[in-house]
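Every value quoted in this text rests on a predicted model; they were computed, and no experiment measured them. Order of the sequence lines sets the chain letters (A, B, ...), proteins ahead of strands, with each chain counted from 1.
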There are 2 protein chains.
Amino acid sequence: MFIVLEGWACRYKILPNGARQIMAFLMPGDACDLHIKLLAEMDHGIQALTSALVARVSQGDMQALMQRHPNIAAAMYSAQLVDEGIMRAWIVSMGRRSSIERVAHLICELYLRARGIGLTYDDEFALPLSQLVLADALGMTAVHINRVLKELRLEGAMSLGRGSVVICDLAKLIQIAGFDENYLHRRLR
Amino acid sequence: MFIVLEGWACRYKILPNGARQIMAFLMPGDACDLHIKLLAEMDHGIQALTSALVARVSQGDMQALMQRHPNIAAAMYSAQLVDEGIMRAWIVSMGRRSSIERVAHLICELYLRARGIGLTYDDEFALPLSQLVLADALGMTAVHINRVLKELRLEGAMSLGRGSVVICDLAKLIQIAGFDENYLHRRLR
DNA sequence: TGGGCATCATAACAAATGGCAATAAGCTCA
DNA sequence: TGAGCTTATTGCCATTTGTTATGATGCCCA
């Protein structure tokens, strides 16, 4: 089992036609591969998106830790629930939100997650992901996400540039996204 | 905690604009609401799609059962992994598959799951879901799914009518879908 | 320092999908 | 059985998004 300590990673799948879909972003504090051993075969990959620092915890150590400290076990379980909630939110985004709503929603999610781990400075946070990566996460093309980012900038909601996001008007961004923060189990403001 | 014994249900979310997105289908044998108590608030709903028979198991009974029978605990855990795999597959479908590929992929998934619980007859199985429901699961409109179903019928891959699906050419359906069965932990054929 | 890359930005056009409308078909219930 | 409803089917047009191409910008490293 692995835990990201610094940097960004993602879960992704490459389809037969070569397209990539990113299914999750992993930020510092996120764990992955809990289940690799149990899966007959892994149907997707995990990849670092920046240089990253990762901790490896053996299955045995993990189990011992969780038995000795029930609150750690509870935290792992809770993190698991949050991850599922995020996946469900992504399904909703992909299915029923327009491209601008999708982008806004993802930025809301990432901003909150970054804030939860102390990675924001006021209304700004580092987002070292290329537009291509964002496109592959949101099920759109790099060209189109560029159009959408321009629109969000012109509307004064947010702007992304040189590896960091500035949230210009959080309320507007939330409203565009139709963002409902409950699923992250964290509070906005 | 609830277990579906007969019929179909779904997890869904209604967005501010009134659109519905279905995030999962629940078939006989599927459990849900394991986590309702732990979530501050539920950010989505669960709904029966046909008349259904459901068993309720109290949290206490469940824990006792899982402690007494580790193989049941393992089965629950494994089912959980499959559910996550399905969610990831849905994200991939919504993000990077065309509408016809998405429909084919969902039908492959449902056919396999139905077969796993003995609900198929040869290459046919009951699918008592309206095209509107399928559309809300696949992130498309009912009109468009109708066009796609017609195309799949004309191609001789499958046909859906009167509440049941006939798989005319499984290999072709799998090929259209780009279906990779690993994630269900079951084998095709 | 400057060549070579990756990324970003934008335009013009093409394709996929949505929206609306009209009709047909099937189902439920009095 | 037939009225009234939901669901399915189809056509036409609008909109969103993808595709391809081109140039600009910035960055890394020889």
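Under the 4.5 Å side-chain heavy-atom criterion for Ile, Leu, Val, Met, Phe, Trp and Tyr, Tyr12(B) and Leu132(B) are members of distinct hydrophobic clusters.
At whole-Å resolution of the value, CG in Leu149(A) and C1' in dT10(C) are 14 Å apart. Separating the CD atom of Glu101(B) from the C1' atom of dT17(C) is a distance of 14 Å, rounded to the nearest angstrom. Remark: P of dT7(C) and CG of Leu49(A) are 11 Å apart, rounded to the nearest angstrom. The CG atom of Leu132(B) sits 13 Å away from the P atom of dG18(C) (whole-angstrom rounding).
Residue pairs satisfying the side chain to side chain donor-acceptor pair (under 3.5 Å) criterion with at least one member in residues 63-72 of chain A, sequence neighbours excluded, are absent. For residues 125-158 of chain B, the set of pairs meeting the ring-ring contact (aromatic ring centres under 6.0 Å, His included) definition, not counting sequence neighbours, comprises Tyr111(B)-Phe125(B).
A rotation axis mapping the C1' atoms of four pairs onto the next four is fitted at both ends of the helix from dT1(C)-dA30(D) to dA30(C)-dT1(D) over five pairs, and the angle between these axes is 50° to 10 degrees.
Looking at residues 151-167 of chain A, you'll see that no heavy atom sits under 4.0 Å from any atom of DNA chain D.
Distances from the side chain of Gln131(B) to the nucleotides dT9(D), dT7(D), dA9(C) place dT9(D) closest. Side-chain proximity of Asn146(A) to dA8(D), dT10(D), dC8(C): nearest is dC8(C).
Of all non-hydrogen atoms in Asp180(A) and Tyr183(A), the two that sit nearest each other are O-CD2, 3.2 Å. The nearest pair of heavy atoms linking Val92(A) to Gln21(B) is CA-CG, 3.7 Å. Contact detail for Gly7(A) and Pro28(A): the closest heavy-atom pair is O-CD, 3.4 Å. Taking each heavy atom of Ile145(A) and Met140(A) in turn, the nearest pair found is CA-CE, 3.5 Å. Shortest non-hydrogen contact noted between Met87(B) and Ile91(A) is O-CD1, 3.9 Å. Closest heavy-atom contact between Pro128(B) and Trp8(B): CD-NE1, 3.3 Å.
Of the possible polar contacts, one joining the Glu101(A) side chain to the Ser98(A) backbone as a donor-acceptor pair under 3.5 Å is found. With Arg153(A) contributing its side chain and Leu160(A) its backbone, the two residues share no donor-acceptor pair below 3.5 Å.
For the OP1/OP2 pair of dA9(C) and a distance below 4.0 Å, the side-chain nitrogens and oxygens of Lys150(A) include no atom meeting the criterion.
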Does the side chain to side chain contact (heavy atoms under 4.5 Å, CB included) test come out yes or no for Leu106(B) and Leu110(B), once each step is laid out?
CA-CA 6 Å; Leu106(B) 178 65; Leu110(B) 296 179; 3.9 Å; yes

Measure all distances between protein nitrogen or oxygen atoms and nitrogen or oxygen atoms of nucleotides 28-30 of chain C, and list the pairs falling under 3.5 Å.
none

Hey, what are the protein-to-nucleotides 17-24 of chain D N/O distances that come in under 3.5 Å?
{"unit_1": "dT17(D)", "atom_1": "OP1", "unit_2": "Ser99(A)", "atom_2": "N", "d": "3.3"}
{"unit_1": "dT17(D)", "atom_1": "OP2", "unit_2": "Ser99(A)", "atom_2": "OG", "d": "2.8"}
{"unit_1": "dT17(D)", "atom_1": "OP2", "unit_2": "His144(A)", "atom_2": "NE2", "d": "3.4"}
{"unit_1": "dG18(D)", "atom_1": "OP2", "unit_2": "Thr141(A)", "atom_2": "N", "d": "3.3"}
{"unit_1": "dG18(D)", "atom_1": "OP2", "unit_2": "Thr141(A)", "atom_2": "OG1", "d": "3.3"}
{"unit_1": "dG18(D)", "atom_1": "N7", "unit_2": "Arg147(A)", "atom_2": "NH2", "d": "2.8"}

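Ring orientation note: the planes of His105(B) and Phe179(B) are tilted relative to one another, at an angle of 30° to 60°.
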